[in-house]
Amino acid sequence: MRNKICEELNTSDIGKSVDLCGWVDRRRDHGGVIFIDLRDHSGFLQLTFNPEDGETIFKRAESLRNETVIRVSGIVNKRPIESINPNLSTGKLELNVKELIILNQIKGNLPFPVSIHDYENTKEELRIKYRYLDLRRGKLINNLKTRHKIIKVAREFLDLKGFTEVETPLLTKSTPEGARDFLVPSRLSKGEFFALPQSPQLFKQLLMIGGLNKYYQIAKCFRDEDLRADRQPEFTQLDIEMSFINEEQIIEFNEKLIKKIWKEVLNIDLDRNFPRMTWKEAMKNYGTDRPDTRYEMLLKDVGNILGEIGFNIFTKAIKNGGSIKCITVKNGNSKISNVRIKPGGDIFQVAQDAGAGGLAFIKVKENDIETIGAIKNNLNESIISKLLEITSAENGDLILLGAGKTEVVNQSLDRVRQYIAKELNLIDVNKRWNFLWITDFPMFEKNEDENRLEALHHPFCCPKNITIKDSNDDEDLLEKSTAQAYDLVLNGLELGGGSIRIHESRMQKEILKKVGLSDEEIKEKFGFLIEALEMGAPPHGGIAFGLDRITMLILGEDSIRETIAFPKNQQSKCLLTDAPSNVSNSQLKELDIEITIEE
RNA sequence: GGGACCGUAGUUCAACUGGUUAGAGCACCGCCCUGUCACGGCGGAAGUUGCGGGUUCGAAUCCCGUCGGUCCCGCCA
């Protein structure tokens with residue numbers, strides 16, 4: 001059909017006869033001469049039509065519209081010097097068309113313009129509904145190519161290190177805890193359901209037990225939860241697992257993998273080792289387990305300074321076992337107006353939205369401080385000087401304080417910190433790729449509402465420095481234990497996480513009991529795992545990266561939808577196919593399923 | 001489940017504090033134009049202002065409801 005593509009053409013083709021196919025990107029009809037920008041997957045070439053070439057072909061050329069699909073044959077000509085277009089790789093050339101075949105025409109108006117010159121703020125609703133048109137604009141295709149390259153580099157790297165890519169089932173078992181499952185009924189098992197995997201977690205462990213040694217998978221995962229800019233109901237993990245390995249080895253290995261991807265895809269050398277921070281440090285200094293360390297404003301605990309000054313909110317916080325913490329905004333007094341940090345102000349609101357009762361402030365001035373009377377009346381010089389010492393606050397700085405339950409104080413100050421960093425442009429642009437390992441997660445956290453323990457990572461993480469014998473002797477020891485778990489954080493975003501897994505059946509049973517499962521439930525839901533662990537399971541561990549997020553960050557996009565060919569909208573619907581949708585009664589009957597919602 | 005913002009021609013936007021017949025660019029249709037490249041010129045068609053209700057002499061504009069979209073909270077082992 002064609003013997004050339006646009007990007008292949010250069011001045012050595014001048015005088016040659018070529019056949020090209022593509023879309024009409026734009027047409028410029030001068031009456032006498034018609035210019036068409038031909039676009040194919042590789043680039044552009046200007047076509048010219050002259051009346052002297054015959055009435056039939058000229059008439060046909062006049063009928064061309066944007067996005068008409070054509071095949072053209074002609075002679076590659078050198079453009080006159082004054083007509084060279086320096087913005088085009090084929091700008092010195094043009095094709096004088098001798099034969100024009102219209103392969104497909106467009107019907108009516110397009111839902112939005114495709115030509116890159118019209119690239120405007122097209123509503124995303126339309127871009128997703130007519131994804132094939134948006135793809136034709138090129139940017140998304142480039143994003144998909146970058147995504148492809150990331151996967152390719154990872155595959156090559158892992159292959160070279162002796163890993164085997166294995167596909168695990170999509171039709172699998174619904175598991176308790178975690179996210180909501182997508183359920184799949186089956187005609188052969190009426191009344192029963194498969195679940196789509198939230199991750200291949202247990203299967204990759206079983207592969208280790210099977211002696212595969214090194215596994216990876218570009219794995220589709222499914223979670224029926226609400227969506228965000230960085231969360232889709234189906235997403236992709238780069239999933240990795242290894243046997244006879246410890247935490248340190250996994251971290252070092254995956255750091256190499258990430259560095260390789262950044263080098264091959266972006267040509268960026270991440271030469272220094274990624275810094276590490278324990279979960280405790282992260283919570284203490286940043287109030288979150290995925291801190292953005294590109295800027296300062298660390299959280300400081302001022303409970304022992306302000307807890308007993310007599311200000312009721314502070315006193316109560318400490319008395320109830322909570323915290324008083326603060327962040328210091330350098331030169332905040334001039335950069336942030338009073339109304340913003342008082343009730344009704346945007347910064348105050350951020351703190352309150354995060355659950356805090358409010359946000360207190362202390363403005364540091366020359367030889368004085370400014371704050372609300374209820375606080376100021378209770379301060380003396382020694383307290384102030386201690387406060388200034390611990391916060392390193394100087395004249396002009398603004399101290400923002402939170403008091404109450406530690407989790408709430410952490411969460412609200414974390415949000416305020418992030419908000420202010422964005423508002424005041426405090427993010428260090430030189431730290432564009434600020435990777436950080438978070439380690440030493442606790443095994444469990446308390447679910448206050450239901451008064452029970454939940455696995456912080458998942459209940460297959462192996463606790464650190466503790467044996468099943470220890471835990472039998474001291475229940476508390478296990479509950480307060482640290483997991484051999486680690487997360488990779490980039491600029492405040494979780495890129496991936498993993499752990500050393502439990503390879504001992506008795507420990508696995510203990511942990512599952514701790515998160516509230518009965519013996520029966522353990523047997524029913526995880527019997528196959530417990531059994532497998534009893535048959536010579538090797539120590540093993542691994543990690544899973546969010547491939548969509550990695551791609552998003554590498555591309556500098558704000559949403560993973562820009563990295564996915566056919567994404568869902570925020571209501572979890574596919575606007576292109578209108579899925580999910582109704583099914584016929586006969587389909588339902590075959591599954592013995594009845595719809596009870598009323599129309 | 002909750003909060004915020006948005007919805008005007010095929011499309012991207014405009015329309016003052018509620019006030020004439022809701023405008024413009026691109027696209028579309030017609031005519032003109034032989035070197036443009038986001039070509040240019042003249043003319044034309046194109047609107048249930050998402051939908052429904054209310055306030056008003058008068059609503060794209062204000063109010064209520066509803067539908068759709070985006071961002072966020074909850075949720076996401």
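Throughout, a chain's letter reflects where its sequence line sits, starting with A, and its residues are numbered from 1.
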What distance, rounded to whole Å, do you find between the two [atom1] atoms, one in [N] and one in [M]?
| N | M | atom1 | value |
| --- | --- | --- | --- |
| B/A14 | B/G7 | P | 8 Å |
| B/G23 | B/A15 | C1' | 7 Å |
| B/U49 | B/C6 | C1' | 14 Å |
| B/C64 | B/A27 | C1' | 38 Å |
| B/A45 | B/U56 | P | 38 Å |
| B/C62 | B/G19 | C1' | 14 Å |
| B/G68 | B/G52 | C1' | 15 Å |
| B/A59 | B/A4 | C1' | 25 Å |

I want to check one thing: is the phosphate of [N], taken as OP1 and OP2, less than 4.0 Å away from some side-chain N or O of [X]?
| X | N | result |
| --- | --- | --- |
| A/N121 | B/C13 | yes |
| A/N569 | B/G69 | yes |
| A/R228 | B/C73 | yes |
| A/K123 | B/U12 | yes |
| A/Q571 | B/G68 | no |
| A/R27 | B/C28 | yes |
| A/R65 | B/C29 | yes |

TODO: Give a yes or no on this: more than 12 heavy atoms of other residues, nucleotides or ligands lie within 6.0 Å of atom CZ of A/R131.
DONE: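 Yes, the 6.0 Å shell around CZ holds more than 12 heavy atoms from other groups.
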
Task: Under-3.5 Å donor-acceptor pair between A/R231 side chain and B/C75 base - done: yes

Open item on the list: Suppose we call a contact any N or O donor and acceptor under 3.5 Å apart; does that hold for the side chain of A/R79 and the base of B/C37?
Closed with: yes

Using atom [atom1] of [X] as one end and atom [atom2] of [N] as the other, report the distance to the nearest whole Å.
| X | N | atom1 | atom2 | answer |
| --- | --- | --- | --- | --- |
| A/Q570 | B/G68 | CD | P | 13 Å |
| A/E124 | B/G7 | CD | P | 17 Å |
| A/N66 | B/C37 | CG | P | 16 Å |
| A/I84 | B/U36 | CD1 | P | 13 Å |
| A/R415 | B/C71 | CZ | C1' | 14 Å |
| A/K107 | B/C28 | NZ | P | 17 Å |
| A/D29 | B/C28 | CG | P | 11 Å |
| A/Q352 | B/A4 | CD | P | 14 Å |

Shortest side-chain distance from [X], nucleotide among [options]:
| X | options | result |
| --- | --- | --- |
| A/D226 | B/C75, B/G35, B/A27 | B/C75 |
| A/E94 | B/G74, B/G35, B/U70 | B/G35 |
| A/E125 | B/C37, B/G69, B/U12 | B/G69 |
| A/Q46 | B/U36, B/U34, B/C76 | B/U36 |
| A/A179 | B/A27, B/C76, B/U36 | B/C76 |
| A/R28 | B/U36, B/C71, B/G74 | B/U36 |
| A/F112 | B/U11, B/C39, B/A27 | B/U11 |

TODO: Could you verify whether a donor N or O on one side chain and an acceptor N or O on the other, from A/D346 and A/Y419, lie under 3.5 Å apart?
DONE: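 Short answer, yes.
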
Open item on the list: Which heavy atom of A/S199 sits nearest to which heavy atom of A/Q237, and what is that distance?
Closed with: CB-OE1, 3.7 Å

Open item on the list: Out of the candidates A/T175, A/D224, A/D181, only one should pair with A/Q198 under the side chain to side chain donor-acceptor pair (under 3.5 Å) rule; please name it.
Closed with: A/D181

Open item on the list: Exactly one of A/Q217, A/R501, A/Q201 should register a side chain to side chain donor-acceptor pair (under 3.5 Å) with A/E241. Which one does?
Closed with: A/R501

TODO: Give me the ring orientation class for A/F460 and A/H458: parallel if the planes are under 30° apart, tilted from 30 to 60°, perpendicular past 60°.
DONE: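 If you compare the ring of A/F460 with that of A/H458, the planes turn out tilted.
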
Contact class for [X] vs. all strands (heavy atom < 4.0 Å): base, sugar-phosphate, or nothing?
| X | result |
| --- | --- |
| A/P111 | sugar-phosphate |
| A/L456 | sugar-phosphate |
| A/S199 | base |

Open item on the list: Salt bridge or not between A/K525 and A/E521? Use side-chain N to carboxylate O under 4.0 Å.
Closed with: no

Open item on the list: Which is more 5' along RNA chain B, the nucleotide nearest A/L88 or the one nearest A/E52? Just name the residue.
Closed with: A/E52

TODO: Measure the distance between the ring centre of A/F35 and the centre of the six-membered base ring of B/U36, then answer whether it is under 5.5 Å with planes under 30°.
DONE: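 Stacking between A/F35 and B/U36: present.
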
Task: Ring-base stacking, A/H30 with B/C33 (5.5 Å, 30° cut-offs) - done: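 According to the criterion (under 5.5 Å, under 30°), no, A/H30 does not stack.
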
Task: Near-ring test A/F194/A/F182, centroid separation under 6.0 angstrom - done: no

Does [N] pair with anything, Watson-Crick or G-U wobble, both distances under 3.5 Å, and if so, with which nucleotide?
| N | result |
| --- | --- |
| B/C5 | B/G69 |
| B/A60 | none |
| B/G30 | B/C42 |

Task: Reference residue A/I543; test side chain to side chain contact (heavy atoms under 4.5 Å, CB included); the match among A/N254, A/D487, A/L495, A/D239 - done: A/N254

